[in-house]
Amino acid sequence: MNNKNYIKLIIKSKIAFFSEIKGFIILRTYGYKIWENIKNILNNILIKTKHKNVYFPLLIPKKIFFIDKNHIKNFYKECAIVTHSKFIIKNNKVILDPKSKLEEELIIRPTSESIIWYTYSKIIQSYRNLPILINQWSNIIRLEIRNKIFIRNSEFILQEGHTGHKNKIECINEIIKIKNIYKKFIKNYLCIPFITGFKTNNEKFSGAKFTFTFETIINNYKCLQLATIHYFAKNFSKVYKVKYTNKKGKIKYIWCTSWGISTRLIGAIIMIHSDKNGLILPPKIAPIHIIIIPIIYNNNKNLIYKINKIVYKIKKIFYNKNIIIKYDNNIYKKPGNKFYKYENKGIPLRIIIGKKEIKNNIIEIVRRDNFKKYYYKINNKLYNKILKIFKKIQINLYYKAKKKMKSNTLIINNYKIFKNLFKKKKCGFIIAYYKINKYTELKIKKDTNATIRCLIKKKKIGKCIYTGKITNYIAIFGKSY
RNA sequence: CGGGGUGUAGCGUAGCCAGGAUUAUCGCGCCUGGUUUGGGACCAGGAGAUCACAAGUUCAAAUCUUGUCACCCCGACCA
C-alpha cells in the first residue's frame, strides 16, 4: 500500500480527517472507537495486574522538564512551548500581549517522565509505598519535521506506564510482565506479527539502561516500532531524587520502568491488514462487528416487514453480548454499493437477508478477510457459530500478516549482498550476526540507510556481518518509517 | 535546510504553454422528487469556488511577471 492509498483509505473509511494544522488529525467516531477498543482491552488487562490510572497536567514547567538534560535531549528540539497568556487587539490585529509573557515557559509534554518522577519524589517515602504501578492515558505533542498520519503525528494519544520498585529483581519482573502483556495484546487482539529485542545504545530511549522493543514490517520494506519498554534502573530516581526508606531504616533509590503504546497502532493495523477492497479490522477491535444488508424488491412492504422481523430476531440473539450490529436499511442505495462501503470500512462480517434467505429460513454470512460464505439458520446456536468465525478471522489475519513478514525477512551473512538488498528496497528485516559497536552501526546506517531495529542475544556464536569478528549477538536491520 | 513538483467546490480534476465567448469544465459526494435494488442504479431538478495569498503588467488575468504562504515526493532530521 503506497502512501497515497493509505491516506485515501483513512479518509474514505472515515477513521480520521486532516486538521488545519500539519501533523494534527481529527480522529472521527469510527477511528476513535478503534482506539477506545484498544484502550479498553489493554486497560482491563492492566487493572488485573494492579496498575492504576492517573492523569498528570499537559503542561510541564521548563525547570522541571530540564532537570534531566540527558533524558530530554531527543525532545527539546521538537517541543510546543507556551510563552504567553494573553492576546491584545492593536490596530485591528490580534497580537500577543507582551505584558502577559510568562516568567517561565511551559512545555506541552512530549513525554511525561519528568513531571511524573518529579512528583514521585514527593509522594514516595517508604518501602510501603512500593511498588508504585501507575499508568496514564494521555496525549502528547512532538513537533516532527515530517509527518505521516498515525505513524508519525505531531500529536498522538498514548498509554504510558511509569512504575517504581524496591529492587532490581522486582523491576526486571515488572518488565517481563509488561513484555508478556504487550506480546499477547499485539498478537491476539491486533493480529500483528513482530520481532522483539533490545535497542542499541544509539537507538534506545534517552535515560534508559535498556529499551525493549516490538518491531514489525509495513509496506513490505519499512519497519515500525509498535511498543517499547524501558528499564531505567536507578537513572531517574537519582536525577529526580526519588528515595524511600527500607525496612531496615536505610534510604534507597527506587528502580524505575516506563512503557507505552500509542495511536500509531491504528496506522499499523491499517497498513498490515488492508487489501484492495479496503480495511480489514480484527473483530476484537472493530467498532462494528456485523453489518446486515437487506435485499429489497419494488419497495415491497411485505418483504421489508419480513426482513425487519429477522433482523429483530438476530439482534435479540446478540443482545447484551458485546457484539455491535448495524442494520443498513437505506432503500435508496443498491446492495452492491453497501457491500463496497462496508468492505472499505473493514467490518468483519456481513449478513445478507433477501428473498432466497427468507424462503430457505437461513441467512448468508460473508467474511471480510477471505470472503468465505456461511449459511446458517437463525437460532440460539448462531451466537457461538459467529464467535467461532471471529476467532478464525483473528487467527487468519495474524498468520497472513506473519507469512508476509517472514517473506520479507532475510538472513544474510555477506555485507555486499546486505548493502544491495537495502539499496533495492528488496526487504524489510535483515537478520545478521553483529558485534555491537557504535561506530560500525553508524557506518552501516550511512551505507544503507538502515538502522538496527533490535538486538537479540544467541547461544550460538557467529561472525559479525561488518567486521567478521566473533559475536553471540544477532541484529535485525531495517529502514525506519 | 537542499533537489523536484503541486495549489481551481467536501474530494478528484479540465482550462494555464498561446490572456478575451468563462456565467470556470467534468466526475464522485451532498440535497429534492420519482422509478429502482442478489456487487458501486437511472431520470429530472438543485446547492456548493472571492481559481492559495499579495502586488504588478494589461482595456481585459485561473492563465503572464514578481514576491509570500501552504502542501506533496526524494534527501537531511527524527525512536
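Keep in mind that this is a model prediction, so the values were computed, not measured. Lettering of chains follows the sequences in order, A, B, ..., and the numbering in each one begins at 1.
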Using the test side chain to side chain contact (heavy atoms under 4.5 Å, CB included), find all partners of A:Ile317 that sit at least two apart in sequence or belong to another chain.
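A:Ile378, A:Asn380, A:Leu382, A:Tyr383.
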Give every donor-acceptor pair under 3.5 Å between a side-chain atom in residues 179-188 of chain A and any protein atom, sequence neighbours left out.
from, atom 1, to, atom 2, distance (Å)
A:Asn180, ND2, A:Ile176, O, 3.3
A:Tyr182, OH, A:Gln159, OE1, 2.7
A:Tyr182, OH, A:Gly260, N, 3.2

Check this for me, if you would: do A:Arg368 and A:Asp275 make a salt bridge, where the nitrogen-to-carboxylate-oxygen distance has to be below 4.0 angstrom?
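Yes, charged N to carboxylate O under 4.0 Å.
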When we call it a touch if two heavy atoms are under 4.0 Å apart, what does [X] touch: a base, just sugar-phosphate, or nothing?
{"X": "A:Arg142", "result": "nothing"}
{"X": "A:Gln225", "result": "base"}
{"X": "A:Glu357", "result": "base"}
{"X": "A:Phe75", "result": "base"}

With a 4.0 Å heavy-atom cut-off, tell me which residues in residues 369-377 of chain A come close to RNA chain B, sorted by residue number.
none
Applying side chain to side chain donor-acceptor pair (under 3.5 Å), name anything that partners A:Lys458, two or more places apart in sequence or on another chain.
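Residues passing side chain to side chain donor-acceptor pair (under 3.5 Å) with A:Lys458: none at all.
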With sequence neighbours excluded, tell me which residues meet side chain to side chain donor-acceptor pair (under 3.5 Å) with A:Tyr376.
none
How does each nucleotide of nucleotides 4-10 of chain B score, in 5' to 3' order, for protein heavy atoms under 4.0 Å: base (B), sugar-phosphate only (S), or none (-)?
-------
Output one letter per nucleotide in nucleotides 29-37 of chain B: B when a protein non-hydrogen atom lies under 4.0 Å from the base, S when only the sugar-phosphate is that close, - when neither is.
-S-----BB
Taking the side chain of A:Tyr340 as its heavy atoms from C-beta onward, which of B:A76, B:C78, B:G40 lies nearest to it?
B:G40
Give the nucleotide from the list B:G38, B:G39, B:G40 with an atom nearest to the side chain of A:Arg350.
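Nearest to the side chain of A:Arg350 among the choices is B:G39.
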Contacts under 3.5 angstrom, residues 354-364 of chain A side chains, donor-acceptor by atom type, not counting sequence neighbours:
from, atom 1, to, atom 2, distance (Å)
A:Glu357, OE1, A:Gly354, N, 2.9
A:Asn360, ND2, A:Lys356, O, 3.1
A:Glu364, OE1, A:Tyr375, OH, 3.1

What stems involve RNA chain B, if each pair must be Watson-Crick or G-U and both of its distances must be under 3.5 Å, with 3 or more such pairs in a row?
B:1-7 with B:69-75, B:10-12 with B:26-28, B:30-35 with B:41-46, B:52-56 with B:64-68
Examine the base of B:G39 for any acceptor or donor lying under 3.5 Å from a partner atom in the side chain of A:Glu343, and report the outcome as yes or no.
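Check passes, donor-acceptor contact within cut-off.
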When the aromatic ring centroids of A:Tyr118 and A:Tyr240 are compared, is their separation below 6.0 Å?
no
Residue pairs passing the salt bridge (charged side-chain N to carboxylate O under 4.0 Å, His left out) test where at least one lies in residues 198-210 of chain A, sequence neighbours excluded:
A:Lys199-A:Glu215
Identify, with sequence neighbours excluded, every residue that meets ring-ring contact (aromatic ring centres under 6.0 Å, His included) alongside A:Tyr466.
A:Tyr415
Identify the pairs formed between an N or O of the protein and an N or O of nucleotides 70-73 of chain B at a distance under 3.5 Å, and give each distance.
from, atom 1, to, atom 2, distance (Å)
B:C73, OP1, A:Asn3, ND2, 2.4

